[in-house]
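Encoded as structure tokens, the structure appears first; notes follow it.
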Amino acid sequence: CDWSSDVCSSDLLITIEEGSTGGFGCFVLHHLSDAGLLDKGAKVRTMVLPDLFLDQDKPEKLYARAGLDSHAIVERVLTCLPKVTATLRA
């Protein structure tokens with residue numbers, strides 16, 4: 001099964017990684033671009049660690065500060081899919 005074909009039938013693709021820009025999300029975007037799958041259809045967003053120093057702490061606190069916790073992920077999805085947001089808030 002070619003995962004990239006699923007992008008065409010999806011409204012949104014979000015890559016989430018514990019690395020900085022230029023990692024997994026970059027490879028996904030490159031592949032989708034080369035295949036012409038970014039020309040129309042699904043919205044694509046990447047979520048990565050910010051390029052700043054995060055002091056040591058519990059993982060859940062670090063993810064929250066980095067904007068990679070469950071609340072930030074849900075917010076990103078809702079921001080990208082306004083129809084879903086409207087349905088959930090109705």
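One-based numbering along the sequence shown.
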Hey, could you give me the [atom1]/[atom2] distance between [X] and [Y], rounded to the nearest 0.5 Å?
X: L78; Y: E75; atom1: CG; atom2: CD; result: 6.0 Å
X: E17; Y: T46; atom1: CD; atom2: OG1; result: 7.5 Å
X: K58; Y: L62; atom1: NZ; atom2: CG; result: 11.5 Å
X: D55; Y: K61; atom1: CG; atom2: NZ; result: 12.0 Å

Exercise. Go through the steps to decide whether V44 and I14 satisfy the test side chain to side chain contact (heavy atoms under 4.5 Å, CB included), and finish with yes or no.
Key: CA-CA 6 Å; V44 181; I14 296 179; over 6 Å; no
Quiz item: Does any non-hydrogen side-chain atom of L68 lie less than 4.5 Å from one of I73?
Solution: no
Quiz item: Just wondering, do T15 and M47 contact through their side chains at under 4.5 Å, heavy atoms?
Solution: no
Quiz item: Is it true that L38 and F27 fall in one hydrophobic cluster, defined by side-chain heavy atoms closer than 4.5 Å?
Solution: no
Self-check item: Connected via hydrophobic side-chain network under 4.5 Å: L81 and I16
Solution: yes
Practice problem: Name all residues meeting the side chain to side chain donor-acceptor pair (under 3.5 Å) criterion together with H71; count only those two or more places apart in sequence or in a different chain, and write none if there are none. | Solution: none
Quiz prompt | Partner set under salt bridge (Lys or Arg N to Asp or Glu O under 4.0 Å) for R65, not counting sequence neighbours | solution = D57
Exercise. Check salt bridge (Lys or Arg N to Asp or Glu O under 4.0 Å) between D69 and all other residues, then give those that pass, not counting sequence neighbours.
Key: none
Quiz item: Sub-3.5 Å donor-acceptor pair from the side chain of K43 to the main-chain atoms of C80, do we have one?
Solution: yes
Quiz prompt | Under 3.5 Å: donor-acceptor pair, side chain of S33, backbone of L29 | solution = no
